[in-house]
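One structure below.
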Amino acid sequence: MLRLLTRELRLAWVERSGGAIALIFFLIVVSLFPFAVGPQPQVLARIAAGVVWVAALLACLLSLERLFQPDAEDGTLEQLVTHGLSFEAIATAKIIAHWLTTALPLLLLTPLAAILLNAPAASWGLLAAGLALGTPALSAIGGVAAALTVGLRRGGILISLLVLPLAVPTLIFGVGLLDPLAGVAALKWLAATTLVALSVSPFAAAAGLRAALE
Amino acid sequence: MSGFLAMGGYAPYIWTAYAVVAVWLTGLGLVSWRRMRQLEAAADALRAQRRAER
Amino acid sequence: MHRFANPARFLRLARLIQPWTAAAMFACFGVGLYLALVASPIDYLQRDTVRIMYIHVPAAWMAMQTYAVIAVASLVSIVWRHPLADVAARAAAPIGVAFTAICLITGSLWGKPTWGTWWVWDARLTSVLVLLFIYMGYMALWSAFDDRQRAARAAAVLALVGAVNLPIIKFSVDWWNTLHQPASILRRGGPTIDPSMLKPLAVMGLAYLFFFITVLLMRMRADLAAQRLEAAAERRVMAQEVPA
């Protein structure tokens with residue numbers, strides 16, 4: 001499983017232009033909001049956290065379609081299984097790889113997005129902490145959706161439809177972290193949602209992969 | 001009767017709501033019923049045809 | 001478990017009870033509509049608009065109940081590979097969408113006169129909206145595959161993931177709503193419901209339930225017939241290929 005993970009990371013490095021697209025997409029979505037709602041600093045500061053979260057959510061979706069698809073097409077997936085790797089292990093490795101290659105770079109870009117949106121400097125830490133704690137859940141839910149839609153020609157749009165409703169709690173608690181009164185409670189609930197997502201998703205994604213290879 | 005239809009001045013809201021329920025549920029019911037009739041008839045005809053061929 | 005797996009046995013049972021559930025549905029709708037529109041008192045705060053409650057609240061019940069049916073059927077499908085479970089789950093989804101949409105639309109039509117706006121991000125309305133999105137994703141996944149077996153497996157997994165997620169979504173939306181609660185919002189329904197309102201509510205709930213059972217059986221029968229036709233078409237193709 002560790003070998004699969006390192007292989008995934010090496011592949012992501014080789015195809016790093018693909019990963020860069022998600023980051024550029026993230027920044028473009030963030031910068032669209034001033035055009036849409038006006039450049040007033042106080043308006044932008046008010047919506048900054050929500051905008052960054054929604055943009056991160058959308059950027060996470062981009063790479064999901066290619067999470068299992070190439071390996072399913074060229075038979076790598078079957079080979080891994082015949083070599084004794086369980087579907088659960090494959091799914092877990094893929095989810096971790098997705099987080100490391102997509103969510104982690106986004107996390108590093110959040111200060112930049114926060115500056116663009118005039119977010120108060122005091123909120124940067126909470127915003128990043130929320131994203132750090134919440135994005136694993138996004139990768140996990142996304143992994144399930146990607147596994148269920150492996151082999152579909154138009155899987156990408158379907159993945160969005162499946163992931164976004166399930167990501168509502170993560171979004172709510174992630175943004176709630178910045179609330180001065182409810183922040184601590186939000187932190188606990190965000191951690192709890194991420195734990196649930198992480199514990200359920202390897203099995204659900206494995207069931208999806210198993211159905212795809214049967 | 002006109003008092004009943006007026007619904008105390010809230011007629012547009014109340015009757016629209018009931019109309020939505022009526023249209024959606026009858027629509028779904030009728031579509032499901034027709035599909036069941038058509039498909040079962042086709043499947044039964046096919047079975048009868050296969051029996052006749054034998 | 002597989003005692004009822006035989007489609008012929010299911011068809012016999014469905015044909016037997018369907019007229020009764022349909023009759024019960026019509027009777028309940030008749031009585032329920034009379035109680036809801038004529039024989040129930042006017043709420044002193046909401047006046048006649050309270051009559052929307054009798055079609056709105058049972059729709060919310062049925063929206064959740066239908067998802068529960070899909071989740072249980074999906075569990076049965078995954079654990080015991082029961083062939084009828086997939087048929088039931090697939091057949092239930094459009095009925096769930098109907099009830100969820102009815103709940104949202106009637107809620108909106110109730111909100112305009114009582115709240116003064118078509119939509120508020122009220123906790124209950126919001127979670128029902130998310131439920132509608134989940135239903136749509138579920139149906140989209142079903143129809144995305146050519147291979148029925150594969151679609152059934154994927155949809156069952158999604159239904160169970162959604163079932164785990166729905167309480168979390170419900171809780172998070174409640175939490176979010178108290179965080180942003182506007183100061184004065186007119187509570188609908190209220191903490192205590194008068195018994196004279198409970199009766200039409202219960203009868204309309206039963207009418208919806210019998211509608212669900214009747215239409216579920218019809219859709220399951222249609223799906224089974226479609227499968228028989230498909231199998232026959234495949235056999236014909238195979239029979240043509242063998243001599244060549």
Side-chain angles (χ1 to χ4, degrees), chain B, chain C residues 11 14 18 22 25 29 33 36-38 42 46-56 58-59 91 94-95 97-99 101-114 204 207-208 211 214-233 235-236:
Chain B
M1 190 62 197
S2 66
F4 169 69
L5 286 179
M7 281 287 161
Y10 293 108
Y13 304 110
I14 295 175
W15 291 119
T16 317
Y18 277 82
V20 167
V21 175
V23 169
W24 202 311
L25 292 191
T26 21
L28 182 66
L30 282 180
V31 166
S32 308
W33 185 68
R34 278 189 47 193
R35 214 171 81 89
M36 177 190 82
R37 291 281 301 260
Q38 283 170 358
L39 288 170
E40 285 198 337
D44 289 346
L46 197 78
R47 182 182 294 169
Q49 186 195 336
R50 259 214 318 275
R51 245 179 232 155
E53 278 169 7
R54 242 176 245 155
Chain C
L11 283 179
Q18 223 168 3
M25 172 188 81
F29 266 124
L33 287 174
L37 288 169
V38 183
I42 290 171
Q46 310 183 32
R47 314 294 306 160
D48 272 297
T49 59
V50 76
R51 301 196 191 284
I52 297 181
M53 177 176 80
Y54 305 125
I55 49 174
H56 169 80
I95 316 175
V97 169
F99 284 124
I102 283 173
C103 177
L104 289 173
I105 296 170
T106 56
S108 175
L109 284 162
W110 195 8
K112 185 63 184 167
T114 49
M204 284 303 284
Y208 278 1
F211 174 88
T214 310
V215 176
L216 181 77
L217 291 176
M218 291 199 292
R219 299 192 71 90
M220 286 176 73
R221 283 171 61 180
D223 202 17
L224 287 171
Q227 280 185 50
R228 263 185 299 168
L229 284 171
E230 229 167 84
R235 269 200 303 275
R236 203 170 311 140

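Order of the sequence lines sets the chain letters (A, B, ...), proteins ahead of strands, with each chain counted from 1. The basis for the numbers below is simple: all heavy atoms, side chains too, and nothing from hydrogens, waters or symmetry mates. Just so you know, these numbers come straight off a predicted model, no measurement behind them.
Heavy atoms only, all atoms of each residue included: Leu39(B) and Ala226(C) are closest at CD1-CB, 4.0 Å. When all heavy atoms are compared, the tightest approach of Met218(C) to Trp33(B) is SD-CD1, 3.4 Å. In terms of heavy atoms, Ser32(B) sits closest to Arg219(C) at OG-NH1, 2.9 Å.
Checked by atom type and distance alone, the side chain of Tyr18(B) pairs as donor or acceptor with a backbone atom of Arg51(C) at under 3.5 Å.
Checked against salt bridge (charged side-chain N to carboxylate O under 4.0 Å, His left out), Arg228(C) has the following partners two or more places apart in sequence or in another chain: Asp44(B). Under the side-chain hydrogen bond (donor to acceptor under 3.5 Å, both in side chains) criterion, Glu230(C) pairs with no residue at all, not counting sequence neighbours.
With a 4.5 angstrom heavy-atom cutoff, Leu11(C) touches chain B only via side-chain atoms.
Contact tally against chain C (heavy-atom pairs below 4.5 Å) for Glu40(B), Arg37(B), Gln38(B), Arg35(B): the top residue is Glu40(B). For the options Thr214(C), Ile105(C), Leu33(C), Leu224(C), heavy-atom pairs under 4.5 Å to chain B are most numerous at Ile105(C). Ranked by non-hydrogen atom pairs under 4.5 Å with chain C, the options Gly29(B), Ala42(B), Ala43(B) are led by Ala43(B).
Residues of residues 19-28 of chain B having a heavy atom under 4.5 Å from any heavy atom of chain C, listed by number: Val20(B), Val21(B), Trp24(B), Leu25(B), Leu28(B).
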Validation: residues 45-53 of chain B side-chain donor-acceptor distances under 3.5 Å, sequence neighbours left out:
| from | atom 1 | to | atom 2 | distance (Å) |
| --- | --- | --- | --- | --- |
| Gln49(B) | NE2 | Glu53(B) | OE2 | 3.4 |

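Between atom CH2 of residue Trp15(B) and atom CD1 of residue Ile52(C) there is a gap of 11.0 Å, rounded to the nearest 0.5 Å.
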